[in-house]
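Here the structure is laid out as structure tokens; the discussion comes afterwards.
A note on names: the letters A, B, ... follow the listed sequences, proteins ahead of strands, and every chain is numbered from 1. Here the structure is a predicted model, which means the values were calculated and not measured.
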Protein chains: 2
Amino acid sequence: MTYQSVEAPGKTIGTDALRSRPCPHNPAVSCSNCRLSDLCLPIALNKSEIQQLDNIIERNRPLGKGEHLYRQRDEFRSVYAVRSGSFKSYTLTSDGKSRVTGFYMPGEIIGMDGIGSRSHGVSTMALEHSSICEIPFSQLERLSHQLPNLQSRFFAIMGNEIVKDQQIHTLLSSYTAEQRLASFLLSLSTRYARCQRSPDRFLLQMTRGDIGEYLGLTLETVSRGFSSLQKKAIISVKSREIAITDMAALKAILGE
Amino acid sequence: MTYQSVEAPGKTIGTDALRSRPCPHNPAVSCSNCRLSDLCLPIALNKSEIQQLDNIIERNRPLGKGEHLYRQRDEFRSVYAVRSGSFKSYTLTSDGKSRVTGFYMPGEIIGMDGIGSRSHGVSTMALEHSSICEIPFSQLERLSHQLPNLQSRFFAIMGNEIVKDQQIHTLLSSYTAEQRLASFLLSLSTRYARCQRSPDRFLLQMTRGDIGEYLGLTLETVSRGFSSLQKKAIISVKSREIAITDMAALKAILGE
DNA sequence: TGATAAGTGTTACAGATTGGCATACTCTCG
DNA sequence: CGAGAGTATGCCAATCTGTAACACTTATCA
């Protein structure tokens with residue numbers, strides 16, 4: 001794996017518009033002026049509550065591609081909100097293979113796998129140059145105890161994570177390779193849209209292998225699947241660059 | 001499906017010991033004298049806190065086999081703790097097939113799929129004559145706000161659910177049929193042990209079809225898998241009655 | 001700068017696992 | 001006792017995997 005170095009500037013013509021436009025990696029950014037505040041933790045909090053949340057958040061230095069946010073079995077201390085970039089969480093199976101348990105994009109919360117046992121159940125790695133807001137969990141608990149809205153919000157975030165995991169359970173236990181890929185692309189599409197980026201044209205930050213490990217397929221099957229979808233004129237693939245050219249057809253693969 | 005009728009007394013010789021020994025379906029039972037209190041919600045609460053929790057819990061009439069606790073898209077109002085019996089949660093896919101997302105045993109919490117969206121993401125049905133403690137969620141939130149230990153405990157329960165779901169994700173995306181079955185039996189075994197029942201001899205309350213829908217296999221493959229494990233003298237199967245005869249070998253299927 | 005190495009992605013083909021169907025048997029319930 | 005659900009098993013087909021060869025991109029170093 002070459003996850004060690006920092007992302008190089010794209011050379012392919014036309015991909016510039018697809019690259020991340022992060023909140024500047026500026027620790028002075030606060031929740032109240034972050035453009036992700038309407039899809040992140042602060043939803044449903046009022047100004048003064050956001051201020052209090054802001055006070056416990058640590059805005060660390062950004063992570064380079066391939067750097068770990070935490071590793072499996074690390075002591076659990078914080079959850080993290082993605083400010084810019086993207087991450088993958090993965091676990092190692094008993095025979096040494098890695099399996100991806102999730103991809104995370106701006107505004108999404110990472111690290112809830114550690115809350116129950118006080119140690120992390122998976123490892124989490126930056127897929128590109130990325131920045132995060134660290135939220136020390138003991139302080140989040142203390143503050144949640146003072147702010148019912150925050151407690152409620154965090155219960156909801158965890159509940160949504162559970163629902164998301166159950167949907168993947170369904171996907172993995174009954175969908176074909178092509179359906180899994182369609183579902184994966186649609187999920188990325190809606191999540192890109194949610195953080196103000198194009199829903200039908202984006203750059204995959206993960207490898208075919210990562211996608212395969214997430215969807216329960218081999219990287220060859222992922223590659224073949226993309227080729228097949230392209231042959232049907234549903235998407236257009238140029239290495240990591242994806243364009244969804246027929247959204248309705250992509251949804252139809254799942255429907256009916 | 002014949003989920004409509006109430007469980008009949010077992011006729012097979014020797015299965016009596018395998019049947020549920022529920023907390024009596026007596027609404028007067030309280031958390032403080034429930035023998036599940038050390039694996040259910042009240043862990044880490046002191047006497048007075050348990051009392052307060054007790055006050056918001058509704059102990060409804062028991063459910064018969066095949067009865068629904070709630071259905072997909074029902075308004076979310078409560079979470080539930082299993083007192084006796086067992087449940088399955090399932091969802092219907094777009095093509096009308098059902099997929100099981102989880103099985104629940106005494107001391108486990110059901111219904112967290114509704115917390116995020118305020119409506120249930122799955123349906124939940126009793127697999128046998130079962131009883132539950134209903135915990136109205138708005139009251140649980142209010143009480144959690146007063147009792148930091150309870151808030152903490154519920155965060156932990158939800159965190160554990162997330163970890164469990166991620167482990168199933170890994171199982172579904174990389175295990176063979178035989179490994180899935182081994183993992184499933186081991187999970188049941190430890191959960192039976194946790195509620196004071198035999199870890200190596202138990203009665204399956206779900207059909208082969210249910211197991212298949214949960215593990216991403218067809219019922220035929222589940223049946224073949226049980227036969228194969230029996231042929232290897234790892235388990236003994238007599239319809240719904242399972243005996244694990246070689247626990248080490250069962251674990252070895254997953255390990256290494 | 002250019003050459004080399006390492007990593008990533010695509011495609012073909014053979015092989016393995018699982019699914020789907022048919023059938024027979026078992027168990028439970030009315 | 002009969003009906004219907006649930007279970008077991010054989011057979012064949014479909015899908016996905018795994019190997020391998022090759023192309024392409026990115027990183028490293030002379």
Take the protein atom [atom1] of [X] and the nucleotide atom [atom2] of [N], then report the distance between them rounded to whole Å.
X	N	atom1	atom2	answer
A/Arg180	D/dT15	CZ	C1'	11 Å
A/Leu203	C/dG9	CG	P	11 Å
A/Leu219	C/dT10	CG	P	10 Å
B/Lys65	C/dC29	NZ	P	7 Å
A/Ile242	C/dG9	CD1	P	11 Å
B/Lys231	D/dT9	NZ	C1'	9 Å
B/Glu241	C/dT26	CD	P	17 Å
A/Arg224	D/dA20	CZ	C1'	12 Å

Hey, can you tell me if A/Tyr214 and A/Phe184 have their rings parallel, tilted or perpendicular (30° and 60° cut-offs)?
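Aromatic pair A/Tyr214/A/Phe184 classed tilted.
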
Once you apply a heavy-atom cut-off of 4.0 Å, does [X] come out as touching a base, just sugar-phosphate, or nothing?
X	answer
A/Leu217	sugar-phosphate
A/Gly212	nothing
A/Ser227	sugar-phosphate
B/Thr176	sugar-phosphate
B/Ser223	base

Is any side-chain nitrogen or oxygen of [X] closer than 4.0 Å to OP1 or OP2 of [N]?
X	N	answer
B/Arg208	D/dA5	no
A/Thr218	D/dT17	yes
B/Thr221	C/dG19	yes

Do A/Ser173 and B/Glu213 have a side chain donor and acceptor closer than 3.5 Å?
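Looking only at side-chain atoms, B/Glu213 and A/Ser173 do not form any donor-acceptor pair under 3.5 Å.
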
Ignoring hydrogens and angles, state whether a donor on the side chain of A/Ser78 or A/Glu134 is under 3.5 Å from an acceptor on the partner side chain.
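The answer is yes; a qualifying pair exists.
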
Under the criterion side chain to side chain donor-acceptor pair (under 3.5 Å), which of A/Asp113, A/Thr91, A/Thr124 is the partner of A/Gln72?
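Single side chain to side chain donor-acceptor pair (under 3.5 Å) partner of A/Gln72 among A/Asp113, A/Thr91, A/Thr124: A/Thr91.
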
Does a distance-only test, which skips hydrogens and angles, find a donor-acceptor pair under 3.5 Å between the side chain of A/Glu220 and the base of D/dC16?
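When only heavy-atom distances are counted, A/Glu220 does not reach the base of D/dC16 through any donor-acceptor pair under 3.5 Å.
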
Evaluation steps, side-chain hydrogen bond (donor to acceptor under 3.5 Å, both in side chains), between A/Tyr80 and A/Asn60
CA-CA 11 Å; A/Tyr80 307 86; A/Asn60 310 349; over 6 Å; no

